[in-house]
Amino acid sequence: MNSVGILGTGAYLPEKVLTNADLEKLVDTSDEWIVSRTGIKERRIAAPDEASSDLAVKAAEQALRRAGIGAEEIDLIIVATVTPDMSFPATSCLVQNRLGAKKAATFDLSAACTGFLYGISTAAQFITTGVYRYALVIGVECLSRIVDWSDRSTCILFGDGAGAVVLGPVEDGYGFQSYELRGDGSGGDLLKLTAGGSRLPATEETVQSRLHTLSMEGREVFKFAVRVIGSATDEALKKAGLTKEDIDFLIPHQANIRIIESAIKRFGLSEEKVIVNVDRYGNMSSASIPVALHEAVEQKRLHKDDTIVLCGFGAGLTWGATVLKWSLE
Amino acid sequence: MAETTFERVKGIIVEHLDVDKEAVTLDASVKDDLGADSLDVVDLILQFEDEFGVEIADEEAEKISTVGDIVNYIENNL
Ligand SMILES: CC(C)(COP(=O)(O)OP(=O)(O)OC[C@H]1O[C@@H](n2cnc3c(N)ncnc32)[C@H](O)[C@@H]1OP(=O)(O)O)[C@@H](O)C(=O)NCCC(=O)NCCS
């Protein structure tokens, strides 16, 4: 079994910033309410001519540069997203073509806000077993395209962005230490985009009934999220033979600062160990964790030998965590 | 003597809302008197569910206003 880890990270955030003050003009809300209930101050919105693949390519190019790996060396591309450019072809194929990653196997993966975690965990298996050497995993979303901009309880929460990592072999004992991936479809109705699939294809009626935008039961999702951050982190640590005292950094999915605060209080982890960017980007679903990871790397917060836990949760329901022993200087 | 439901509920509220023990009376309104916002309430419900092993559905949670409501709900559903 080869040790596999992260060789380089990248991110791309669209230029347009949508502040809480901007939202006050769209719906009946206030900066005070949004900040106190979510910690979000602003989020990014993709330009009208930008789609997920455009964001993904930019994040991927940066990750490849940081890793010092050429696109033609990549064996596998996984794009985690719930907002692909279109139903098919897969966004990963569009990305592969733009990057010129000619030999790469490519597919999209749908696990909502846990998508990036499912993606890196999947890609890592191919490298551990020696089937592939280098993989590119991208979490990308244009959630601004699927939120109901007249629903104040959801439109304030989300943003657009992309984060990417290159995975490959690392020094023995470094990189991924454990994987904990979970799902519970019985909670599927708590967070969903109802129409546009084979159950309810797009019709005039589905459009009029606003079934093409995201709907959510916020309080139930809140409780779920707070519970699983602790339980998934615990499980992943246990599988790695570690305890919470070993954690140098936790990078949780960035849905709401109140979820993070409540979860770490229950779990018993100090705030300095938790990486947060929800204030600047809102919830970017599968892009939140890789963007936060990339920023932590750029800010030189992570050091070789650090124990890092990535933890995701979201629609499906899906959730999970993975423990990494950081291998980069 | 075993701690009463009220005592346990009080302990959780004091810890989570950072309020004085004396303020947590059966008549106290969780939002108006103890300063909880809507998400503090969700957070408290979650703590009660885990502490007492009860499930407090959203519709039920919406009816809860005072500390006494919480204690009653828990005792009736244990
Ligand atoms: C969405 C969320 C912030 C809403 O908070 P909440 O406390 O549950 O809000 P509620 O729906 O109970 O509403 C509380 C009050 O605020 C109001 N409100 C809701 N959204 C508002 C807004 N944007 N601005 C101002 N007021 C708002 C409601 O109308 C309600 O008013 P009322 O008490 O007069 O009826 C919260 O439930 C949440 O973050 N849930 C998790 C969602 C999530 O992260 N999902 C993705 C996971 S991957």
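The figures here come from the full heavy-atom set of this structure, side chains too, leaving out hydrogens, waters and symmetry mates. Proteins come first, then strands; the chains are lettered A, B, ... in the order of their sequence lines, and each starts at number 1.
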Ranked by heavy-atom pairs below 4.5 Å to chain A, first place among Ile45(B), Asp50(B), Asp40(B), Val41(B) goes to Asp50(B)
State, with a plain yes or no, whether a side-chain heavy atom of Val309(A) is found less than 4.5 Å away from one of Thr322(A).
no
Crowded around Lys41(A) NZ? As in, over 12 foreign heavy atoms under 6.0 Å?
no
Taking the side chain from Asn20(A) and the backbone from Ile34(A), do they hold a donor-acceptor pair closer than 3.5 Å?
no
Check whether Glu62(B) gets within reach of chain A through its side chain, its backbone, both or neither, counting any heavy atom under 4.5 Å.
side chain
Does this structure show an ion pair linking Lys16(A) with Asp160(A), if we count only N-O contacts that are shorter than 4.0 Å?
no
Where does Arg258(A) contact chain B at under 4.5 Å (heavy atoms): side chain, backbone, both or neither?
side chain
Who wins among Arg227(A), Lys265(A), Glu220(A) for the most heavy-atom pairs under 4.5 Å with chain B?
Arg227(A)
